[in-house]
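From a predicted model like this one, the values you see are computed outputs, not experimental measurements. Atom set for the values below is all heavy atoms of this structure, side chains included, hydrogens, waters and symmetry mates excluded.
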Amino acid sequence: MVPLVPETSPVVKANHAISTGVAEYALKLSKQSLPVKTIASITGVSTSSIQRIIDDTIKPKPMNYLPTSLCFDEFRSTQSQMSFICSDADTHKAIVVMGDWLSVKINQFFYSHYSRDQRARVNRKIKALKRSCYGFINQAHMFKRIYQLIA
């Protein structure tokens, strides 16, 4: 009798149709800041599958503490989607880059990751980052820098 769920092999994981080699290659291309559509056309995999591979693999971890000065802003990460970025105002290190810019999700993130005391220590909040202040003159360079900050 043939099992209903195929076993994992070195080439393809169980219940997956995309080989691990193709998935690794897609991740390698994503590190070069290529758009998901371009990666999909190069690998021959759908854009939603490429996005799923990236989302399942890259899980940025927030900082363990909150600095006393925060910069935050939303930016257009894809053609129609807005994202949220928060960074340390002094060191310019990213604290979090979220694929969602709704205040409910942002509040939920800060309440779940940082204690009330940590949140109370923040004494300066700077809204509206300027791309040029961080060397983000063009959008492609901005995405490369964001990836470098969270990787």
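- Judged purely by atom type and a 3.5 angstrom limit, Thr57 has no side-chain atom pairing as donor or acceptor with the backbone of Ile54.
- Looking only at side-chain heavy atoms (C-beta outward), Val96 and Ile85 stay at 4.5 Å or farther from each other.
- Gln108 pairs by the side chain to side chain contact (heavy atoms under 4.5 Å, CB included) definition with Lys105, not counting sequence neighbours.
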Test Tyr114 against Asn64 for side chain to side chain contact (heavy atoms under 4.5 Å, CB included), laying out the working first.
CA-CA 8 Å; Tyr114 302 105; Asn64 294 337; over 6 Å; no
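- By the 4.5 Å heavy-atom criterion applied to side chains, Ile39 and Ser30 are counted as neighbours.
- The nearest pair of heavy atoms linking Tyr65 to Gln118 is CA-NE2, 3.8 Å.
- A distance of 9.0 Å separates CZ of Arg119 from CG of Asn107, quoted to the nearest 0.5 Å.
- At a threshold of 4.5 Å between non-hydrogen side-chain atoms, the residues Ser69 and Asn123 count as touching.
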Could you walk me through whether Ile50 and Thr43 pass side chain to side chain contact (heavy atoms under 4.5 Å, CB included), step by step?
CA-CA 9 Å; Ile50 295 295; Thr43 58; 3.6 Å; yes
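- Residues Pro67 and Ile95 form a side-chain contact, since some pair of their non-hydrogen atoms from C-beta on lies under 4.5 Å apart.
- The structure places CG of Leu70 at 6.0 Å from CZ of Phe110, a figure rounded to the nearest 0.5 Å.
- Phe109 meets the ring-ring contact (aromatic ring centres under 6.0 Å, His included) test with His113; sequence neighbours excluded.
- You'll find the side chain of Thr68 stays beyond 4.5 Å of the side chain of Val122, heavy atoms only.
- At a threshold of 4.5 Å between non-hydrogen side-chain atoms, the residues Leu29 and Ile42 count as touching.
- Heavy-atom minimum distance, Asp88 versus Asp90: OD1-N, 2.8 Å.
- When the side-chain hydrogen bond (donor to acceptor under 3.5 Å, both in side chains) test is applied to Ser48, the partners found at least two apart in sequence or on another chain are Ser46.
- Here the shortest heavy-atom pairing between Thr47 and Val36 reads O-CG1, 3.4 Å.
- Side-chain contact check for Leu66 versus Arg121: every heavy-atom pair is 4.5 Å or farther apart.
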